Trainee: 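Submitted below is the structure of interest, expressed as structure tokens.
Remember, it's a predicted structure, so these values are computed and weren't measured experimentally. One-based numbering, in listed order, for ligands and for the atoms of each.
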Amino acid sequence: MGIDFQGRVAIVTGAGGGLGRQHALALAQRGAKVLVNDLGGAVDGSGGTVTAAQAVVDEIRAAGGEALANGASVTDFAAVEAMVQQAIDAWGRVDILVNNAGILRDKSFAKMDMADFRLVVDVHLMGAANCCKAVWPHMVAQQYGRIVMTTSSTGLYGNFGQANYGAAKLAQVGLMQTLAIEGAKYNIHVNALAPTAATRMTEGLMPQEVLDALKPEAVVPAMLVLAHESAPSRTILCAGAGTFEAAHITLTQGIHLGIGADVPEQLAARLAEVTERAGEQVPQSGAAQGTNEVGKALAR
Ligand SMILES: NC(=O)c1ccc[n+]([C@@H]2O[C@H](COP(=O)([O-])OP(=O)(O)OC[C@H]3O[C@@H](n4cnc5c(N)ncnc54)[C@H](O)[C@@H]3O)[C@@H](O)[C@H]2O)c1
């Protein structure tokens, strides 16, 4: 099956540069009408102008595609609702949402200002939630939707100096897990992409040779697969430099110890059995994990 988006309408947030720009160009090139959102600020989220989004729209139009620019901050729910309405007014529907907008405020946790922690959570988590909330009723009504969150290896595995960013990025995976479950009956598929790419966000962090290998274009195929009609749901795809992997939040088989005064000592003594990875599974939901625990207790 070709990865084609004819007749589809996509919103890509933070698409004035970096990965978002590549996502928007690729979706448009494969037939989607694209609303290009970008606040147009600096990498730390300060400032703002719609010029960056407009430049990407101009590129798409020059290549024969259809696009609209929007300068809303994803943190402003009223502006996000107006952004979705802009797409609906122009094209009648929204099929795809790529939550890509993001900022960095890196510092070791000891030195981190809580205002910078809150701002990073606001842009990544609340920004994604605002956009999901605004497109959700339209996707439910049309019984179709594809949502791509942008998580990060920092959220999945941690990186020095990025406590705020890592927390906000893994929060998007949490949002994805439940929206995928709630969206299933409406044919709304929700997935997460963990990109690695040389953009202004990663400037100065890696040597030039590595930056050259990490072209943002190399991430785009993963986004296209997650945004397409044939997309899976509840999948975390990692993509960088042309390599693609899946990350899973797994659960070990564990052991049942019951309730008793010496359970702390038993648990400490048998911790290696609890963390043993053979036979790991990915539960279908949080409730399924709880049911599994109760099941072991009742089986005694
Ligand atoms: N580059 C990487 O290696 C990497 C790794 C993991 C995750 N990511 C994520 O990928 C996404 C894209 O990052 P990038 O590397 O292309 O960086 P980038 O700085 O080039 O792109 C981020 C874009 O988001 C926009 N933006 C910021 N705040 C916004 C807001 N409130 N509303 C609307 N737009 C806003 C910025 O103006 C910018 O154009 C981000 O979510 C980032 O966290 C990137």
Trainee: To the nearest 0.5 angstrom, please state how far the NZ atom of K107 sits from the CG atom of D116.
Mentor: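 With rounding to 0.5 Å, NZ (K107) is 6.0 Å from CG (D116).
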Trainee: Is the shortest heavy-atom distance from the side chain of I11 to the side chain of I96 under 4.5 Å?
Mentor: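 Counting from C-beta outward, I11 and I96 never come under 4.5 Å.
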Trainee: Can you confirm whether L251 sits close enough to N292 that some side-chain heavy atom of one is under 4.5 Å from a side-chain heavy atom of the other?
Mentor: yes
Trainee: Just wondering, do V294 and T291 contact through their side chains at under 4.5 Å, heavy atoms?
Mentor: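 Result no, sub-4.5 Å side-chain heavy-atom pair not found.
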Trainee: Please tabulate, one line per pair, the protein nitrogen or oxygen atoms found under 3.5 angstrom from a nitrogen or oxygen of ligand 1, with distances to 0.1 Å, or say none if there are no such pairs.
Mentor:
residue, atom, partner, partner atom, Å
ligand 1, 1 (N), A197, O, 3.0
ligand 1, 1 (N), T199, OG1, 3.4
ligand 1, 3 (O), A197, N, 2.9
ligand 1, 3 (O), A197, O, 3.1
ligand 1, 8 (N), Y165, OH, 3.4
ligand 1, 15 (O), T199, OG1, 2.5
ligand 1, 16 (O), L19, N, 2.8
ligand 1, 19 (O), R200, NE, 2.8
ligand 1, 19 (O), R200, NH2, 3.4
ligand 1, 24 (O), G102, N, 3.4
ligand 1, 31 (N), S73, OG, 3.1
ligand 1, 32 (N), V74, N, 3.0
ligand 1, 34 (N), L39, N, 3.3
ligand 1, 37 (O), D38, OD1, 2.5
ligand 1, 39 (O), D38, OD1, 3.3
ligand 1, 39 (O), D38, OD2, 2.6
ligand 1, 41 (O), N100, O, 2.7
ligand 1, 41 (O), K169, NZ, 2.9
ligand 1, 43 (O), Y165, OH, 2.5
ligand 1, 43 (O), K169, NZ, 3.3

Trainee: Could you give me the CA-CA distance, side-chain angles and deciding distance for E293 and Q289, then say whether side chain to side chain donor-acceptor pair (under 3.5 Å) is met?
Mentor: CA-CA 7 Å; E293 288 169 348; Q289 191 229 329; 2.8 Å; yes
Trainee: Looking at Q143 and Y186, would you say the former's side chain and the latter's main chain have a donor-acceptor pair under 3.5 Å?
Mentor: no
